[in-house]
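The structure appears right after this line, and notes come after that.
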Amino acid sequence: MPPPADILKVAIEWPGAFPKLMEIDQKKPLSAIIKEVCDGWQLPNHETYALQNADSTNFYITEKNRNNIKNGSILRLTTSPAQMAQQLYERVQSSSLDVKLDGLKELANSSRDVTFAQEFINLDGITLLTQMVESGTDFGEMLSFTLTAFVELMDHGIVSWDTFSVAFIKKIASFVCKSSMDSAVLQRSLAILESMVLNSQDLYQKVAQEITIGQLMPHLQGTDQDIQTYTIAVINALFLKAPEEKRQFDESNVNILDCPLTEMSHILAQKQLRSIILQNVIRSNKPINEEMAHQLYMLQVLTFNLLEDRMMTKMDPQDQAQRDIIFELRRIAFDVECDSNNSGSIDKRKSMYTRDYKKLGFINHVNPAVDFTQIPPGMLALDNMLYFARHHQDSYIRIVLENSSREDKHECPFGRSSIELTKMLCEILKVGELPSENCHDFHPMFFTHDRSFVEFFCICIQLLNKTWKEMRATSEDFNKVMQVVREQITRALTAKPNSLDQFKSRLQNLSYTEILKIRQSERMNQEDFQSRPILELREKIQPEIMELIKQQRLNRLCEGTCFRKISSRRRQDKFWYCRLSPNHKVLHYGDLEESPQGEVPHDSLQDKLPVADIKAVVTGKDCPHMKEKGALKQNKEVLELAFSILYESDEYLNFIAPDKHEYCVWTDGLNALLGKEMTSEFTRSDLDTLLNMEMKLRLLDLENIQIPEAPPPIPKEPSNYDFVYDCN
């Protein structure tokens with residue numbers, strides 16, 4: 001007869017004693033179990049002791065988390081969290097430097113545990129640490145551990161960030177502003193400033209008064225990528241929280257407080273800052289790690305989002321200043337004709353204007369200002385057109401005159417094309433959307449120019465004109481041309497060109513003829529399998545392929561995945577790992593110190609969840625952690641990567657997948673474990689790919705074409721290169 005589910009067999013350690021193997025009853029109060037353990041070792045005052053996980057986390061066992069104890073767990077009897085907090089509170093104030101340093105080291109490590117953190121905070125430990133920092137008596141390693149403990153304690157979200165004094169903020173800012181500072185202290189200080197800005201609008205104002213872009217720049221010029229990452233994270237945080245009413249830019253005093261969003265673009269696009277990031281981060285010899293890629297992606301998104309205001313601003317047809325921009329476009333394109341426009345009747349001049357606006361490709365020839373009342377792209381389209389006309393004048397004049405000399409139906413309307421292209425580019429780059437918490441999809445080429453978006457537009461408007469000519473398009477083909485141009489741009493962007501010139505070269509290779517070949521190839525692959533016998537065969541072998549996909553998903557779950565934890569800071573620097581046991585009966589999971597290089601062994605993951613206990617798998621907004629975190633609910637992409645395992649009555653295991661592929665693998669695999677249908681988009685894609693491959697193999701077999709078991713050998717390199725081809 002199996003033992004009751006509430007009786008667990010565990011090992012319990014105590015320093016200096018032989019470990020005990022004992023059974024614990026989960027129905028008993030935890031205090032009673034601790035008393036029983038203490039009595040076995042004849043330890044008095046059992047209330048001053050507690051149980052801990054004997055793993056790398058050393059987290060305390062409490063009534064709240066005791067259900068995580070599994071059969072075979074190794075526990076440790078140790079000082080209670082209240083007692084430990086009191087001891088460390090006294091040790092970090094010791095007059096002995098060695099005792100104080102050891103106390104701070106232990107405090108920094110213990111503060112990761114929320115149970116200990118709560119007890120230390122109850123002793124007003126946060127105030128003690130802030131006073132130690134403000135006093136300025138600690139340096140180097142001691143200060144580093146003090147700040148580490150502070151960061152860990154604040155990460156639990158127990159204490160509000162609004163409670164800190166200006167003196168503390170000034171002190172932390174001074175560590176960042178110093179030219180030579182211990183790297184660990186600098187890293188923690190940057191992390192604290194980032195958290196302050198993200199978690200409190202009031203603190204944003206205070207931090208922004210203390211830090212300037214000029215003081216942050218030297219940290220980007222170093223070789224420590226972690227410091228560079230934290231520095232860009234602080235810039236992003238200040239950028240994200242900058243209030244709209246404070247948008248004045250003064251180049252003589254570049255203080256971040258005076259440079260929020262619209263004017264922050266001048267700072268972030270400054271040649272100095274941009275070139276520092278480009279040369280010292282993007283083009284450095286070190287490969288860009290995932291967190292740095294995320295921060296660069298954030299910076300890219302926030303910079304592009306500065307365009308949203310212009311994108312959503314309608315043109316006022318009665319505004320003379322705005323109308324003058326259109327006059328400028330006309331003047332640059334038809335300079336010779338404009339000189340003679342000062343004479344003649346009003347009607348004649350109106351007629352000439354109408355004729356020229358038609359040549360410029362506006363929909364409304366009489367009052368082209370009306371064309372810019374559509375939002376998006378609003379005034380952003382006019383800004384792009386004016387930049388192109390002024391900075392790429394030869395190309396602008398060539399496009400306008402070239403099209404004005406064609407037949408009406410064959411001309412590529414520059415005005416209409418520019419408006420639609422601007423709208424398309426905003427959609428491709430997701431201008432105005434919130435950055436994703438898990439994305440690291442940045443484009444190096446956008447860091448190579450001070451006006452990267454508008455230069456991007458200038459390349460694409462010339463591509464559009466070229467594609468129009470290659471397609472021999474007429475006005476009725478406008479939407480078809482725009483579809484081809486979108487495909488050309490998106491395909492070129494997938495190659496992640498390092499510069500705008502590389503992007504331009506990539507587009508040269510994606511001519512309309514090449515796009516037709518790609519489409520034709522894709523279409524042929526689809527058409528081959530549309531006949532009735534083929535469709536019947538596909539339907540017959542589909543269950544076999546689905547079983548193959550199911551096994552692959554379960555194998556991936558057995559390999560496991562490293563997931564990130566999202567804390568109160570945007571930076572996600574805590575990890576946990578989850579994997580399925582080889583017999584598909586248990587999920588093993590546990591916290592990690594850092595991202596693993598390979599698979600994490602089962603025995604190093606202390607927590608277990610029997611598959612039989614899983615009640616349901618929920619996704620998106622139905623997940624408990626999405627309901628808890630209001631800020632995350634605003635982010636569509638995080639919502640799309642969230643899923644939770646519900647078990648027992650009110651317990652749950654929350655996940656945020658690193659990307660869409662892992663999300664689909666895990667939701668498919670968990671549904672397969674529960675005997676449910678796998679419905680993700682990746683399953684449909686894999687099913688289609690494998691079915692097509694299987695069909696091709698079977699059709700080759702029908703033609704009696706032998707497919708070798710092994711790939712053919714790679715041809716050997718010729719020993720003699722002294723030869724020529726005789727054309728005769």
Please give me the minimum heavy-atom distance between A657 and F643, naming the atom from each residue. CB-CE2, 4.2 Å
Counting only heavy atoms not in I428 (residues, nucleotides, ligands), do more than 12 fall under 6.0 Å from its CD1? yes
Could you grab the distance from atom CG of L190 to atom CE of M181, nearest 0.5 Å is fine? 11.0 Å
Go through the steps to decide whether M292 and H440 satisfy the test side-chain contact (heavy atoms from CB on, under 4.5 Å), and finish with yes or no. CA-CA 8 Å; M292 174 59 88; H440 40 80; over 6 Å; no
Within residues 116-129 or reaching into it, pairs that qualify as salt bridge (Lys or Arg N to Asp or Glu O under 4.0 Å) - sequence neighbours excluded: none
Over all heavy atoms of both residues, which pair between E291 and T229 is shortest? Give the atoms and the distance, please. CG-CG2, 3.6 Å
Quick one: does any side-chain atom of R274 pair with a main-chain N or O of F447 as donor and acceptor, under 3.5 Å? yes
Determine whether a donor-acceptor pair (N or O, by modelled atom type, separation under 3.5 Å) exists between the side chain of N305 and the backbone of E433. yes
With salt bridge (Lys or Arg N to Asp or Glu O under 4.0 Å) as the rule and sequence neighbours excluded, what pairs involving residues 164-191 come up? K170-E210
Side-chain donor or acceptor of S111 paired with backbone N/O of A108 under 3.5 Å: no
Within this structure, what is the CG-CG distance for the pair L129 and L153, rounded to the nearest 0.5 Å? 6.5 Å
Taking only residues two or more places apart in sequence, or in another chain, which ones meet E134 in a side chain to side chain donor-acceptor pair (under 3.5 Å)? S165
Do T212 and L216 make a side-chain contact, defined as non-hydrogen atoms from C-beta onward lying under 4.5 Å apart? no
Could you measure the distance from the CG atom of L296 to the CD1 atom of I288? Nearest 0.5 Å is fine. 5.5 Å
Look at the side chain of D162 and the backbone N and O of L203, then say whether any donor-acceptor pair between them is shorter than 3.5 Å. no
Side-chain heavy-atom pair F442, I282 within 4.5 angstrom cut-off: yes
Do Q221 and Q279 make a side-chain contact, defined as non-hydrogen atoms from C-beta onward lying under 4.5 Å apart? no
Are K621 and E640 within salt-bridge range, i.e. N to O under 4.0 Å? no
Would you call K496 and D441 a salt bridge, taking side-chain N to carboxylate O under 4.0 Å as the test? yes
Tell me, do L198 and W161 make a side-chain contact under 4.5 Å, heavy atoms counted? no
Derivation of the side-chain contact (heavy atoms from CB on, under 4.5 Å) call for H219 and Y230: CA-CA 9 Å; H219 305 316; Y230 278 83; over 6 Å; no
With sequence neighbours left out, what residues match N498 under side chain to side chain donor-acceptor pair (under 3.5 Å)? none
From CE (M217) to CD1 (I277), nearest 0.5 Å: 8.5 Å
Not counting sequence neighbours, which residues clear side chain to side chain donor-acceptor pair (under 3.5 Å) with N122? List them please. Q118
Residue that, paired with R91, satisfies side-chain contact (heavy atoms from CB on, under 4.5 Å) out of D102, L107, L104: D102
If I compare all heavy atoms of I232 with all of L299, which pair ends up nearest, and what's the gap? CG2-CD2, 4.4 Å
Side-chain contact test, heavy atoms from C-beta onward, threshold under 4.5 Å: evaluate it for Y49 versus S80 and give yes or no. no
Could you check Y577 against E599 for side-chain contact (heavy atoms from CB on, under 4.5 Å), going step by step and ending with a plain yes or no? CA-CA 9 Å; Y577 200 88; E599 290 184 19; 4.3 Å; yes
Just jot down the side chain to side chain donor-acceptor pair (under 3.5 Å) partners of D224, sequence neighbours excluded, or say none. none
Shortest non-hydrogen pair, S275 vs Q272, comes out as OG-O, 3.0 Å
Atom CG of D501 and atom OG of S499: how far apart are they, to the nearest 0.5 Å? 5.0 Å
How many angstroms lie between atom CG of N199 and atom CD of E194, to the nearest 0.5 angstrom? 9.0 Å
Taking K286 for the side chain and T223 for the main chain, is one N or O donor matched with an acceptor at less than 3.5 Å? yes
Mind listing the closest non-hydrogen atom pair of P444 and L278 along with its distance? O-CD1, 4.5 Å
Is there a donor-acceptor contact under 3.5 Å from the side chain of D591 to the main chain of W576? no
Are F145 and F150 close enough that some pair of their side-chain heavy atoms sits under 4.5 Å apart? no
Under 3.5 Å, side chain of T667 to main-chain N/O of C664, donor-acceptor pair present? yes
Between F456 and F446, how do the two ring planes meet: parallel, tilted or perpendicular, split at 30° and 60°? perpendicular
Side-chain (Y589) to main-chain (L580) donor-acceptor, under 3.5 angstrom: no
N280 and L220: side-chain contact (heavy atoms from CB on, under 4.5 Å), yes or no, with the steps? CA-CA 7 Å; N280 296 84; L220 294 172; 5.6 Å; no
When you look at E662 and T561, which way does the side-chain hydrogen bond (donor to acceptor under 3.5 Å, both in side chains) test go after all the steps? CA-CA 8 Å; E662 286 296 318; T561 301; 2.8 Å; yes
Could you tell me if the side chain of M154 sits less than 4.5 Å from the side chain of V159, heavy atoms only? yes
Does a side-chain heavy-atom distance below 4.5 Å link F563 with F575? no
N-O pairing of R579 and E559 below 4.0 Å: no
Heavy-atom pair of closest approach, residues Q52 and N58: NE2-O, 3.1 Å
Intermediate values then yes/no, side-chain hydrogen bond (donor to acceptor under 3.5 Å, both in side chains), Q205 and Q209: CA-CA 6 Å; Q205 303 285 353; Q209 287 175 330; over 6 Å; no
Heavy-atom donor-acceptor pair, Q228 side chain to G222 backbone, under 3.5 Å: yes
Check whether R556 reaches the backbone of W666 with its side chain - one donor and one acceptor, N or O, closer than 3.5 Å. no
